[in-house]
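All remarks here apply to the structure that follows.
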Amino acid sequence: MSEKELRRSMSVLPIGTVMKLTDLSARQIRYYEQQELILPERNEGNRRMYSLNDIDRLLEIKDYLDEGLNISGIKEVYKKQQMIEQEKKKNREKQLTDTDVRRILEDEFLHISGLMPPSSTLNNQKL
DNA sequence: ATTCTTACA
DNA sequence: TGTAAGGA
């Protein structure tokens, strides 16, 4: 994870600040948590601490609500987004496999043509 | 002062 | 969703 992503995911904001930043009531913010639309961390004193990503998420939720979506509808949206994320993860793995195949074919070509000894081009190629 | 949970004359 | 109550 990049430093930037790390900062955005750091839970450092108390609910009072989140209320001002999102213009949502504490009631609403806690309710969305119950619905698992956000999962803020808790500090030593059981106080909810939010990250900048949580802020974005809450603003996003507010927009969806204004657009007429209900809580369950928003849940479905995020559920499908998770599905897409996992699809991309699989594709990335497949992409690396293809790259590997290309390296192997390239190596085949080089020693079949007698320019290099076998496997001399496949040294420690990390996946 | 702030936030937490629970409950609803 | 708002708000009150009682504790941390």
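For clarity, every value in this text was computed on a predicted model and none was experimentally measured. Quick note on labels: first sequence line is chain A, next is B, and so on, each numbered from 1.
Going from atom CD of A:E41 over to atom C1' of B:dT3 covers 17 Å, rounded to whole Å. Across the protein-nucleic acid pair, A:L24 atom CG and B:dT3 atom P stand 15 Å apart, rounded to whole Å. Separating the CG atom of A:N70 from the C1' atom of C:dT1 is a distance of 16 Å, rounded to the nearest angstrom. Following rounding to the nearest Å, A:R47 (CZ) and B:dC4 (P) show an atom-to-atom distance of 6 Å. In this structure, A:Y31 places its OH atom 16 Å from P of B:dT5, rounding to the nearest Å. In this entry the distance linking CD1 of A:I29 with P of B:dC4 reads 9 Å, nearest Å. Whole-Å rounding puts the A:I71 CD1 to C:dT1 C1' distance at 11 Å. In this entry the distance linking CD of A:E33 with P of B:dT5 reads 8 Å, nearest Å.
Closest to the side chain of A:S25, from the set C:dG2, B:dC4, C:dT1, is C:dG2. Of the candidates C:dG2, C:dA8, B:dT5, the closest approach to any side-chain atom of A:Q28 belongs to C:dG2. Comparing B:dT5, C:dT1, B:dT2 by their closest approach to the side chain of A:R30 singles out B:dT5. For A:N46, the listed nucleotide lying nearest its side chain is B:dT5; candidates were B:dT3, B:dT5, C:dT1.
Linking Ile, Leu, Val, Met, Phe, Trp and Tyr residues whenever their side-chain heavy atoms come within less than 4.5 Å leaves A:L21 and A:M49 in two separate clusters.
Enclosure of atom CG in A:D23 is not indicated, since only 12 or fewer non-hydrogen atoms of other residues, nucleotides or ligands lie within 6.0 angstrom. Within a 6.0 Å sphere centred on CD of A:E36, heavy atoms belonging to other residues, nucleotides or ligands number 12 at most.
A 3.5 Å limit on both hydrogen-bonding distances identifies no Watson-Crick or G-U partner for B:dA1. Nucleotide B:dT6: paired with C:dA4 (Watson-Crick or G-U wobble, both distances less than 3.5 Å).
At a threshold of 4.0 Å, the pair A:K89-A:E85 does not count as salt-bridged, since none of the basic side-chain nitrogens sits closer than that to a carboxylate oxygen.
Taking 3.5 Å as the limit, the base of B:dT3 and the side chain of A:R48 contain no donor-acceptor pair of atoms between them. A donor-acceptor contact under 3.5 angstrom links the side-chain atoms of A:R27 to the base of C:dT3.
By the 4.5 Å heavy-atom criterion applied to side chains, A:R30 and A:I15 are counted as neighbours.
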